[in-house]
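Residue numbers start from 1 in every chain, and the chains themselves are labelled A, B, ... in the order their sequence lines are given, proteins ahead of strands. Side-chain atoms are counted along with the backbone in the values below, which use heavy atoms only and exclude waters and symmetry mates.
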Amino acid sequence: MLNKEIAEIFNTFADVYEILIDELQENDKQISFKIRAYRQAALTLQNLSQDLKVLNTKKHLDALPGIGAAFASKIQEYINTGKIAEFEQLKTLVPPGLLDILNIPGLGPKKVKLFYTQLGITNLEQLAKAVKEGQIEQLPRMGKKSADKILEAINRFHLQPKRFLLGDAIPQIESIIEDLKSSKLIDRISYAGSARRQNVTVGDIDIICSTNNPAQVIAYFKKQPYINEIIAEGNTKISVYLQSKLQMDLRVVAPHQFGAALQYFTGSKAHNVKLRTIAKTLGYKINEYGIFKENQCVGGENEEDIYKTLKMRTPPPEIRENTGEIELAQTQNLPHLINLKNIRGDLHMHSTYSDGKQSIREMTEAAQARGYEYIAITDHSPSLHIAKGVSESALVEKKAEIDKLNNDPDIKIKILFGTEVDILADGTLDYPNKILKTFDIVIASIHSRLSQDNTQRIISAMQNPFVHIIGHPGTRMLNKRDQSPNDWSKIFTVAAQTNTILEINASPKRLDLDGNLVKEAQKYGCTFTINTDAHNIDQLDFMCYGVGQARRGYLTKADVINTYSLKQLLTKLKQSINCKA
DNA sequence: GCCGTTTTCGGCCCGACTGTTTTCAGTCG
Ligand SMILES: Nc1nc2c(ncn2[C@H]2C[C@H](O)[C@@H](COP(=O)(O)OP(=O)(O)OP(=O)(O)O)O2)c(=O)[nH]1
Ligand SMILES: [Mg+2]
Ligand SMILES: [Mg+2]
Ligand SMILES: [Zn+2]
């Protein structure tokens, strides 16, 4: 978590500088670019999958985007001494509570500073009190409306989570898009923002549409029952809170602008800034309405227009994070990413033999209906009592049932006899090897001691001669529990050496490994499988989220074993075992 | 503070909406 700590410090540097901007010696323009540099560096560190500890040299750090000599030495100072002297100094210049106030939507550095210098307000409680007592509305450029909004924003801030799971947002996005289409006012419509990029969590829902009647579209949208409250409304966009508590932005443009608007609204912000900067050096201007040369629009109906004009290929949305994709697009070196249609089977799911809700036959028929060629039924092992792990004797019965189904003429797909065997505290497995070798496929997963460094347990499991796959390697639960502080470089090294396949667990609560770690693991030569870990038939549809993470990790279908034919898959699994024997 | 078909200083994306203003600062996308 070192990376996150330092990222947080850099963000705080930026916040404090922004509050103090008028007091500083440097001129405003210069300092505001410096602030941007701190934020950019923080973003780089946040998304970095390698631990900074292993990058603790000037050379490595300097190579990171947005990190130069000055930031590198600050990072090293923190790694080596546990703090940054300049930061300790800076922190004393503003009361820490001011930074909490900055987190309230609608309040920025200027307002925070105003409340502090005029009324001595240093934390959220004092701010709420000042609003209620009518002091805030007396301040310059403030009024009753602004003051009341602050109180509402504070209440909302305390009540709801900051980010939502992608898997909770996508179904809502799809139903809203269907509703808007049904209005017959829409030309084209798409989701955008972090959801289109398949971020594991989203801060809000972003939808873009084109129409010849923007006013009618906005009027239609705002009176729909799923809307709770309107935050802002204009001629081209409307921001609302949904009944589900999520915030949503709808952007509306003319049909010939749809592509440019989609490009803008998909982001990421860092990607947009980089792209617009490149455009500028080439004599173009990009905004959400098009790409322009000398004020003449030269494209914008389709997203590709923007990139093509700059002599680039169009990068898939999932990798638009300004982490190298623009350079690949410029040199025509974008990878051909895996997609959902490439998936031929699902290798991790549960049945009523353990904690699944449906029988093996039901799971199989559902998988067959989804067009798969094979599945693996991978129930838990005995030590996981709460998940009703399968005893050794029940395994015989389970095997017989699978054999029978595989001979059933109605079942056209191959069912693999599998297990998700628990990795115990000491790194040994919950079935003895003589049992493990009877399975067609063995996933080993950790389900205990989740907050500790589990590198050694995972490595021990990978070295077991019967383990094919490591399931949900980070064991995180999004918004609930961080992933274990593992040494990923060690894990990926051993995974590549032992031919152990790493799972991208597609459950929207996990998404583990996620795109960032996948991208890193790929550099070590690792192979992957994308599995839903379904506990009922509906959850088989989680596959799309796993594919999203694989795409964020730059994977092609060759990197993912459940894009293989059954024959290729079985060969691959055998290789994985032979390598360790 | 970072960065470079500008190799080392001078740039650093571009626009919408609100509230309070009488011309725009502040915040957010
Ligand atoms: N050019 C430009 N585009 C921006 C800027 N801020 C946001 N955007 C674009 C790119 C974003 O992906 C898109 C939607 O903005 P959001 O604030 O909703 O961000 P995003 O969806 O990426 O992440 P989120 O999960 O909502 O926090 O708008 C900006 O400062 N400049
Ligand atoms: Mg968003
Ligand atoms: Mg948004
Ligand atoms: Zn499972």
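Residue whose closest nucleotide on DNA chain B sits further toward the 5' end, between A:Arg251 and A:Leu102: A:Arg251. For the pair A:Ala72 and A:Asn287, both in contact range of DNA chain B, the more 5′-proximal nearest nucleotide belongs to A:Ala72.
Summarising the geometry, the separation between CD1 on A:Ile75 and C1' on B:dC2 is reported as 13 Å, rounded to the nearest angstrom. Rounded to whole Å, the distance from NZ on A:Lys269 to C1' on B:dG15 is 13 Å. Distance NZ (A:Lys274) to P (B:dC2): 15 Å, rounded to an integer number of Å. When the C1' atom of B:dC3 is taken as reference, atom CD of A:Glu327 falls 12 Å away, rounded to whole Å. A:Ile6 places its CD1 atom 17 Å from the P atom of B:dG1, with the value rounded to the nearest Å. The distance from atom NE2 of A:His271 to atom P of B:dC14 is 15 Å, rounded to the nearest whole Å. The interatomic distance linking A:Asp249 (CG) with B:dG29 (P) rounds to 6 Å, in whole Å. One atom, CZ of A:Phe13, and another, P of B:dG1, lie 9 Å apart when rounded to the nearest Å.
Look at A:Lys280 and you'll find a side-chain N or O under 4.0 angstrom from OP1 or OP2 of B:dC12. Contact annotation: A:Tyr289 side-chain N/O to B:dA16 OP1/OP2 distance is under 4.0 Å. At B:dG10, none of the side-chain N or O atoms of A:Gln30 fall inside 4.0 Å of OP1 or OP2 (strictly under the cut-off). When the side-chain nitrogen and oxygen atoms of A:Thr236 are compared with OP1 and OP2 of B:dC17, one or more of them lie within a distance under 4.0 Å. At B:dC13, none of the side-chain N or O atoms of A:Asn272 fall inside 4.0 Å of OP1 or OP2 (strictly under the cut-off). The phosphate of B:dC13 has OP1 or OP2 within less than 4.0 Å of a side-chain N or O from A:Thr277.
Out of B:dC12, B:dG15, B:dA16, the shortest distance to the side chain of A:Lys237 is found at B:dA16. If you check B:dG15, B:dC13, B:dG1 against the side chain of A:Lys285, the one that comes closest is B:dG15. Distance from the side chain of A:Pro105 is smallest to B:dC28 among B:dG26, B:dG29, B:dC28. Among the nucleotides B:dG29, B:dC2, B:dC28, the one closest to any side-chain atom of A:Ala37 is B:dC2. For A:Glu288, whose side chain is taken as the heavy atoms from C-beta onward, the closest listed nucleotide among B:dA16, B:dG1, B:dC13 is B:dA16. When the nucleotides B:dC13, B:dG26, B:dG1 are ranked by their closest atom to the side chain of A:Lys111, B:dG26 comes out on top.
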Evaluation steps, salt bridge (charged side-chain N to carboxylate O under 4.0 Å, His left out), between A:Asp514 and A:Lys519: CA-CA 9 Å; A:Asp514 69 11; A:Lys519 192 177 174 196; over 6 Å; no
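Considering only residues two or more places apart in sequence or on other chains, A:Arg481 meets the salt bridge (Lys or Arg N to Asp or Glu O under 4.0 Å) condition with none of them. Residues meeting the side chain to side chain contact (heavy atoms under 4.5 Å, CB included) test with A:Thr556, sequence neighbours left out: A:Pro335, A:Ala558, A:Asp559.
For A:Glu88, the CD atom is densely surrounded, since the number of other residues' heavy atoms within 6.0 Å is greater than 12. By the neighbour-count criterion of 12 heavy atoms within 6.0 Å, atom NZ of A:Lys523 is densely surrounded, having more than that number from other residues, nucleotides or ligands. In A:Gln332, the CD atom is crowded: over 12 heavy atoms of neighbouring residues, nucleotides or ligands sit closer than 6.0 Å.
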Just the atom pairs and distances: protein N or O near nucleotides 18-21 of chain B's N or O, under 3.5 Å.
from, atom 1, to, atom 2, distance (Å)
B:dT18, OP1, A:Glu233, N, 2.7
B:dT18, OP1, A:Glu233, O, 3.1
B:dT18, OP2, A:Glu233, O, 3.1
B:dT18, O3', A:Lys149, NZ, 3.4
B:dG19, OP1, A:Lys149, NZ, 3.2
B:dG19, O3', A:Ser146, OG, 2.9
B:dG19, N2, A:Arg141, NH2, 2.7
B:dT20, OP1, A:Gly143, N, 2.6
B:dT20, OP1, A:Gly143, O, 3.4
B:dT20, OP1, A:Ser146, OG, 2.9

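For B:dG29, its base sits under 3.5 Å from the side chain of A:Tyr264 at one donor and acceptor pair at least.
Distance check on atom C1': B:dT6 versus B:dG11 gives 10 Å, rounded to whole Å. Comparing the same atom, C1', in B:dT21 and in B:dA25 gives a spacing of 10 Å after rounding to whole Å. On the C1' atoms, B:dC2 is 15 Å away from B:dT7, given to the nearest whole Å. Nucleotides B:dC28 and B:dC13 place their C1' atoms 15 Å apart, quoted to the nearest Å. B:dG15 and B:dC9: their C1' atoms are spaced 29 Å apart (whole Å). B:dA16 and B:dT20: their P atoms are spaced 22 Å apart (whole Å).
At a cut-off of 3.5 Å, with distance as the only test, no side-chain donor of A:Asn339 or A:Arg551 sits close to an acceptor on the other residue.
In this structure, the side chain of A:Asn155 does not engage the main chain of A:His158 through any donor-acceptor pair within 3.5 Å.
Contacts of A:Phe71 with the nucleic acid, taken as non-hydrogen atoms under 4.0 Å apart, involve only primed sugar atoms and P, OP1 or OP2. Residue-level contact check: A:Ile286 touches the backbone only, with heavy atoms under 4.0 Å from sugar-phosphate atoms and none from bases. Within the 4.0 angstrom heavy-atom criterion, only backbone atoms of the sugar-phosphate kind lie near A:Leu107; the bases stay farther away.
Taking the six-membered ring where the residue is Trp, the centroids of A:Phe71 and A:Phe10 are separated by under 6.0 Å.
Figure legend. B:dT8 is base-paired to no nucleotide; pairs are counted as Watson-Crick or G-U wobble with both atom distances under 3.5 Å.
Judged by the 6.0 Å and 45° rule, A:Lys74 forms no cation-pi pair with A:Tyr38.
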